Amino acid sequence: MSTHGRRHPVPAETARRADPAAARGAARQQAIDDMASALTSAAAARRALDPFSDRMSDLDLATGYAVQRRLRGAAGGLAGWKLGLTSRAKQAQVGLDTPVYGFLDSTHALAPAQSLDTAALIQPRAEPEIVFLLGDDLEGPGVTADDVLAASSAVAAGLEILDSRYHDYRFTAADVVADDVSAGRYLVGPLIPPGGIDLGAVGVTFEKNGTLVATATGAAVLGHPAAAVAWLAGRLTAEGERLRAGQIVFSGGLTAATPFAPGDVVTARIGQLGTLVLAAT
Ligand code: 0L1
Ligand code: MG
């Protein structure tokens with residue numbers, strides 16, 4: 001208490017009064033740190049969370065991407081990028097209609113013929129995708145699907161293993177962006193030169209334990225998978241980043257994702273790009 005009987009403001013209160021904008025910025029930064037740390041702990045403990053938006057009704061995409069950047073900074077290494085919610089099937093599955101992007105941690109790549117240890121994950125789902133390997137950097141705005149094809153040294157079949165850190169994959173667009181768009185593990189098939197393959201027309205079948213669960217064509221993602229990568233190039237450019245030579249890009253789930261459990265085998269057949277088989281243990 002002061003000699004006048006009034007409590008002196010503590011330094012944080014003083015700062016808040018002096019510069020409310022700076023105080024709001026500091027509070028937002030703290031919330032971003034807290035969300036990143038909650039997601040990291042959930043993944044480590046294999047325990048799902050309630051989505052942040054349940055208690056933060058104003059959680060927006062910009063904040064979601066800020067959380068994701070925090071996770072990227074702490075990740076094992078940047079192998080590339082992944083698009084999400086680029087197909088109607090995926091959008092319908094989670095009730096959202098905004099394409100989004102995440103990053104691929106190089107330590108989460110599966111080797112060919114490696115089985116997937118589901119004990120390391122919370123609630124895995126698998127989905128077939130078309131993957132691009134960039135031979136040149138790509139920077140927008142104005143990058144087109146043709147630019148993407150010209151910059152790609154190879155394409156491949158891909159299987160993405162999602163693992164939402166939110167109970168039952170319940171989230172808003174901002175929540176799922178914060179959670180690196182449910183990234184779990186990923187498998188890339190043999191690399192194939194892109195010339196001469198009409199990626200929009202390739203047929204896709206997706207099976208679990210030999211039973212067909214979904215079909216699609218490459219056009220399912222934003223009309224053409226290269227168009228999806230072009231969208232990503234523009235978004236990254238707007239964020240001051242860029243797609244770089246040597247990075248891979250998963251262009252988005254072509255079908256709804258399928259849950260699986262130990263003992264299951266999922267198979268993605270993607271036209272000339274080939275067939276990927278993943279066994280879960
Ligand atoms: O490829 C994708 O569309 C991933 C979407 C991620 C959201 C989800 O289904 O968890
Ligand atoms: Mg995906």
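Scope of the values below: all heavy atoms of this structure, side chains included, with no hydrogens, waters or symmetry mates. Whatever order the structure lists ligands and atoms in, that order sets their numbers, starting from 1. Owing to the predicted nature of the structure, the values given are computational and were not obtained by experimental measurement.
The heavy-atom pair separating Ile192 from Gln272 by the smallest distance is CD1-O, 3.5 Å. Nearest heavy-atom pair, Leu59 versus Phe52, reported as atom, atom and distance to 0.1 Å: CD2-CB, 4.0 Å.
Side chain to side chain, Arg88 and Gln91 meet the donor-acceptor criterion of an N or O pair below 3.5 Å. With 3.5 Å as the limit, one finds no donor-acceptor pair spanning the side chains of Asn209 and Thr211. Side chain to side chain, Thr63 and Asp60 meet the donor-acceptor criterion of an N or O pair below 3.5 Å.
Asp137 places a side-chain N or O within donor-acceptor distance of the main-chain N or O of Ala245, the cut-off being under 3.5 Å.
Comparing Ser182, Gly84, Ser164 by heavy-atom distance to atom 8 (C) of ligand 1, the nearest is Ser182. Of the candidates Lys82, Glu160, Gln91, Lys90, it is Lys90 that places a heavy atom closest to atom 9 (O) of ligand 1.
Leu254 and Phe250 end up in different hydrophobic clusters when Ile, Leu, Val, Met, Phe, Trp and Tyr side chains are linked at under 4.5 Å. If you chain together hydrophobic residues whose side chains sit under 4.5 Å apart, Tyr186 and Ile270 never meet in one group.
The part of Phe171 lying near ligand 1 is the side chain, judged by heavy-atom distances below 4.0 Å. Only side-chain heavy atoms of Glu129 come within less than 4.0 Å of ligand 1; its backbone N, CA, C and O stay farther off. At a heavy-atom cutoff of 4.0 Å, ligand 1 is contacted by the side chain of Leu162 but not by its backbone.
Looking at Gly253 next to ligand 1, an N or O pair under 3.5 Å apart turns up.
Scanning the protein for heavy atoms near atom 2 (C) of ligand 1, the closest one is Glu127 OE2, 3.1 Å. For atom 3 (O) of ligand 1, the closest non-hydrogen atom on the protein side is Leu85 N, 2.7 Å.
Residue Gly252 approaches ligand 1 through these ligand atoms, each under 4.0 Å from one of its heavy atoms: 1 (O). In summary, the atoms of ligand 1 found under 4.0 Å from a heavy atom of Tyr169, numbered by their order in the structure, are 10 (O). Distances below 4.0 Å separate heavy atoms of Leu83 from the following atoms of ligand 1: 1 (O), 2 (C). The atoms of ligand 1 that sit less than 4.0 Å from any heavy atom of Val94 are 9 (O).
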Exercise for the section: Take Asp147 and Thr144, measure what side chain to side chain donor-acceptor pair (under 3.5 Å) needs, and give me the verdict at the end. Expected result: CA-CA 5 Å; Asp147 295 333; Thr144 65; 3.1 Å; yes
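In this structure, Val100 does not count as a contact residue of ligand 1, since none of its heavy atoms falls inside 4.0 Å of the ligand. Note on ligand 1: Phe250 sits outside its first shell, no heavy atom being nearer than 4.0 Å. Not a single heavy atom of Ala257 sits less than 4.0 Å from an atom of ligand 1.
Vertex the Mg ion (ligand 2); arms to Glu160 atom OE1 and Glu127 atom OE2; angle 110° (nearest 10°).
Using a 4.0 Å cut-off between charged nitrogen and carboxylate oxygen, Asp19 and Arg24 do not count as a salt-bridge pair.
The Mg ion (ligand 2) is closest to atom OE2 of Glu129 (considering only N, O or S atoms).
Atom CZ of Arg47 has 12 or fewer neighbouring heavy atoms from other residues, nucleotides or ligands inside a 6.0 Å radius.
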